[in-house]
Amino acid sequence: MNTEKTKKHLSRGSKIVLIIAIVFILLVIAELIRSNSIVEVESFEYKNASVPESFDGVKIVSVTDYHNHGGAYEDRLIKKISEQSPDYIFLVGDIIDSSLTDFDVLESFLNKCTKIAPCYLCYGNHELRKSADDLERYNEIVKSAGVTLLDNEIVPLEREGQTLFLAGITRPGGLVDILEKAQSLDKSAPLICIHHHPENFDDMASEFESMGFKSSLIFCGHAHGGLIRIPFTRIGAAAPGQGLFPKYTGGDYYSGNSEMLLSRGCGNSGITLRFFDPFEIILCELKTG
């Protein structure tokens, strides 16, 4: 009799364990789908007394690590960008994927972006992995779409007679080119910069300060949010260029008088998957303090 009760108890316990295991597996699958399909918007306000009054309220959307996703996802991403009503769109590298490059997808995506707002682009590591011929074709598509490519360049952004300067840096060595071009510029307003690699943030912040800029706002990507994140934290498992438990995964970071807004990116490269790390774009509103 006791044996039969024990068997029933074990059978009931086994069912509970099985149900818990099934629920756990379903939750993991649901989170994998969420992290690798939806697009979130992380919003920031950059408030600085030296922001020109004509730029007060200007909205910037930062898009990184798109990796040629295309298809229905492209339309959802474009819709999300458009909903933010940006004044400028910054395309901060890895808009293509080096191993799965589709130039038709690139052309489609860029043409849709330029219909929303003026677009500025810098190279990421995936663009730089392409052959000279492929990179030339990439550049032609970028130019044809009306996107401004900043390859170690600095250009003015003008509104109502006032100016902010935007720099696009390919590699840290490009700071030398920026230094030469920035010598004669008015450095009273913050320098805005797009650069793919967040691991260079401290060096860039120091260099911009030494150039005479009183402050700088730097947009980066590349880290993919750390891929696997502890919920409600910035702790990630790994990031290219930083290795395990990277310092920079996503969000806002500070160094000296500089701020970095790091996007977790809006695409995957190759077979990589995310967990508790959904795709995102960044919305930044400039405010004069």
Side-chain angles (χ1 to χ4, degrees), residues 21 24-42 44 62-69 73 90-101 122-130 169-175 193-208 216-256 258-282:
F24 176 77
I25 291 170
L26 290 175
L27 289 174
V28 168
I29 292 172
E31 177 53 36
L32 282 170
I33 293 171
R34 185 185 78 92
S35 284
N36 295 277
S37 60
I38 72 163
V39 185
E40 294 183 343
V41 179
E42 189 167 8
F44 298 92
S62 175
V63 180
T64 80
D65 302 280
Y66 176 54
H67 290 287
N68 271 142
H69 270 239
Y73 176 71
F90 294 166
L91 303 165
V92 192
D94 286 3
I95 303 305
I96 60 170
D97 191 90
S98 59
S99 59
L100 299 170
T101 304
C122 68
Y123 292 133
N125 53 295
H126 278 253
E127 282 88 4
L128 296 177
R129 288 176 187 167
K130 302 305 293 179
I169 298 176
T170 300
R171 295 184 178 90
L175 285 166
C193 178
I194 54 176
H195 176 65
H196 189 61
H197 300 272
E199 62 269 24
N200 299 323
F201 172 49
D202 289 330
D203 290 338
M204 293 174 63
S206 177
E207 287 293 332
F208 291 151
S216 60
L217 174 62
I218 304 170
F219 293 84
C220 295
H222 191 52
H224 288 239
L227 293 177
I228 300 172
R229 289 163 65 96
I230 296 176
F232 312 113
T233 75
R234 293 181 179 179
I235 300 173
Q242 298 182 74
L244 297 177
F245 305 111
K247 178 180 180 180
Y248 303 120
T249 57
D252 53 339
Y253 300 86
Y254 300 86
S255 179
S258 296
E259 180 177 353
M260 174 174 66
L261 297 181
L262 173 57
S263 172
R264 300 195 305 268
C266 56
N268 287 325
S269 173
I271 61 173
T272 59
L273 290 176
R274 299 162 176 248
F275 195 68
F276 288 119
D277 179 29
F279 297 152
E280 74 162 12
I281 58 174
I282 277 181

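None of these values were measured; they are calculated from a predicted model. Side chains are part of it too, since the values below use all heavy atoms of this structure and drop only hydrogens, waters and symmetry mates.
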#### Entry: Sequence neighbours excluded, every pair satisfying side-chain hydrogen bond (donor to acceptor under 3.5 Å, both in side chains) that has a member inside residues 233-245
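Of all non-adjacent pairs touching residues 233-245, those that pass side-chain hydrogen bond (donor to acceptor under 3.5 Å, both in side chains) are R234-D252.
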### Query
Does the pair I38 and F279 meet the rule for a side chain to side chain contact (heavy atoms under 4.5 Å, CB included), with working shown?
CA-CA 6 Å; I38 72 163; F279 297 152; over 6 Å; no
### Message
Using 0.5 Å steps for rounding, measure from the NE2 atom of H196 to the CG atom of L91.
### Response
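H196 atom NE2 to L91 atom CG measures 12.5 Å (nearest 0.5 Å).
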### Task
First locate atom SG of C122, then atom NE2 of H197, and finally report the distance between them rounded to the nearest 0.5 Å.
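Between atom SG of C122 and atom NE2 of H197 there are 8.5 Å.
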### Task
With sequence neighbours excluded, tell me which residues meet salt bridge (charged side-chain N to carboxylate O under 4.0 Å, His left out) with R129.
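Scan of R129 (salt bridge (charged side-chain N to carboxylate O under 4.0 Å, His left out), adjacent residues dropped) gives none.
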Between [X] (side chain only) and [Y] (backbone N and O only), is there a donor and an acceptor less than 3.5 Å apart?
| X | Y | result |
| --- | --- | --- |
| S35 | F276 | yes |
| D65 | H222 | yes |
| D94 | H126 | yes |
| H195 | I169 | yes |
| R264 | T249 | no |

### Task
Hey, could you give me each pair passing salt bridge (charged side-chain N to carboxylate O under 4.0 Å, His left out) that has a residue in residues 195-204? Not counting sequence neighbours.
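For residues 195-204, and leaving out neighbouring residues, the salt bridge (charged side-chain N to carboxylate O under 4.0 Å, His left out) pairs sorted by first residue read D202-K247.
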[X]: which residues meet the side-chain contact (heavy atoms from CB on, under 4.5 Å) condition with it, sequence neighbours left out?
| X | answer |
| --- | --- |
| T101 | N68, I96, F103, K130 |
| S62 | T64, V92, F219, I282 |
| R171 | L128 |

### Query
Got a salt bridge between R34 and E40, using NZ or NE/NH1/NH2 to carboxylate O under 4.0 Å?
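Salt bridge flag = yes for E40 with R34.
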### Query
Are H67 and H69 an aromatic pair by the rule of ring centers under 6.0 Å?
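No, the ring centres sit 6.0 Å or more apart.
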### Query
Does the gap between the ring centers of Y253 and Y248 come in under 6.0 Å?
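That pair passes the under 6.0 Å test.
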### Task
Just say parallel, tilted or perpendicular for the rings of Y66 and Y73, cut-offs at 30° and 60°.
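Judged by the thresholds at 30° and 60°, the geometry between Y66 and Y73 is parallel.
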